[in-house]
2 protein chains.
Amino acid sequence: MARPPSVRDDDLSDRLAEVFREAGYEGASLGALSEAAGLRRASLYHRFPDGKVQMAEAVLERVERLFAHALQPMREDPDVRAGITRSARLIDGLYGGGLLSCVMDSMTLGGVPETVRQRAAEIAESWISTMADAARRGGRSRSAARTSAEDAFALVEGGLVHGRLFGDSGPFQRALTRLPDLLLG
Amino acid sequence: MARPPSVRDDDLSDRLAEVFREAGYEGASLGALSEAAGLRRASLYHRFPDGKVQMAEAVLERVERLFAHALQPMREDPDVRAGITRSARLIDGLYGGGLLSCVMDSMTLGGVPETVRQRAAEIAESWISTMADAARRGGRSRSAARTSAEDAFALVEGGLVHGRLFGDSGPFQRALTRLPDLLLG
DNA sequence: GTCTATATTTGGATAGAC
DNA sequence: GTCTATCCAAATATAGAC
């Protein structure tokens, strides 16, 4: 039995995520990742033999799980509107009230490995699909459900851009508050 | 009289802008900038003695001017709704129909020099203010004008994130089409 | 003003001891 | 599993010829 890791996998992913989120993929240097993780560079390579790409993928896997959990009410609550509202609160938590950048934004600029880009796009698509399904269950037409879900995604993501630029989460908060109406019409 | 530059200032800024927009500040390497400019690294340093930071600032100055021009109808047209519609078309052009990233997004991640961050924020603030002024002239209350302008900004920026993620400019296009209604209520 | 050549630093990645 | 030490490549920046 080998020595137990000094940082649990989920904790490690969370710490790395913070760096990738703030700095983007290319801006996230191994030095910064190492410092945030509380591990030396070589130790990071022990945990992630494929290096930075693998760290980014682990981060996105973690984000995917966190999102899946936050979206559970929207997916399962028989009261569609209540489910959307509950998920909105959880999403608010994921983004620190709207002052944290989104990895689907910061990790998808040019120069990012295709596997990483794709992973991020999958998470976004899953989020949008879930919102569209909820809108559909709420009685909207297939096409209206889809477009309103896409627009809601844009409003939330843009709200985060605004939050990063001005340190003001107003637009993000309004987007989440209005989420039920945006989706259900 | 020295030798005339092989690339005009505005052209040069445009070419550099393309790299910064796609790759972000940290991802924009001097090699990529040099290639896009059609100039050797050393020649770039002749034009921008302070290096990459100065290049980024020049790009943002250029973006500021382009935006000022695109927003002119919204600022000046006595028919407020018509002015918003005309500016929306010009903004559409600036973003290549919604498939180009926004420098206010890609150049404001962590690790970006403060002067650059600030410049980007100023452009965004100027854009939002202009939209708020138009909404105000269109008869909305001061606070409703401001929040609708912020929300419109978020919707457009988020539309660009969606465009980059999926190569689908739908949300961006809808945001611009709905811009008059978003601002005027 | 642009170029070739080079200096300097930083970043990603590996080897091997404990 | 984590560490120190090191390698190698890439990136920023400069010197000096044309």
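Since we're looking at a predicted model, the values are computed, not measured. Convention: sequence-line order gives letters A, B, ...; per-chain numbering from 1.
Within 6.0 Å of CD in B/Glu35 there are 12 or fewer heavy atoms belonging to other residues, nucleotides or ligands. Residue B/Arg136 qualifies as enclosed at atom CZ: its count of foreign heavy atoms under 6.0 Å is above 12.
Using a 4.0 Å cut-off, some side-chain N or O of A/His46 falls inside it from OP1 or OP2 of D/dG1. The side chain of A/Ser6 contributes no N or O atom lying less than 4.0 Å from OP1 or OP2 of D/dG1.
Partners of A/Arg41 under the side-chain contact (heavy atoms from CB on, under 4.5 Å) rule, at least two apart in sequence or in another chain, are A/Leu30, A/Ser34. The side-chain contact (heavy atoms from CB on, under 4.5 Å) test applied to A/Leu71 returns A/Phe67, A/Met74, A/Arg75, A/Ile91, A/Trp127, A/Thr130, not counting sequence neighbours. Residues meeting the side chain to side chain donor-acceptor pair (under 3.5 Å) test with A/Thr115, sequence neighbours left out: A/Glu57.
B/His162 places no side-chain N or O within donor-acceptor distance of the main-chain N or O of B/Phe172, the cut-off being under 3.5 Å.
Taken residue by residue, residues 9-19 of chain A places no heavy atom nearer than 4.0 Å to DNA chain D.
Legend: salt bridge (Lys or Arg N to Asp or Glu O under 4.0 Å) pairs involving residues 90-118 of chain A, not counting sequence neighbours, sorted by first then second residue: A/Asp105-A/Arg164, A/Asp105-B/Arg164, A/Glu114-A/Arg117.
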How would nucleotides 4-18 of chain D be written as a contact map, 5' to 3', with B for base contact, S for sugar-phosphate-only contact and - for no contact, using protein heavy atoms under 4.0 Å? B------SBBBB---

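Rounded to the nearest 0.5 angstrom, A/Asp9 CG and A/Asp14 CG are separated by 11.0 Å.
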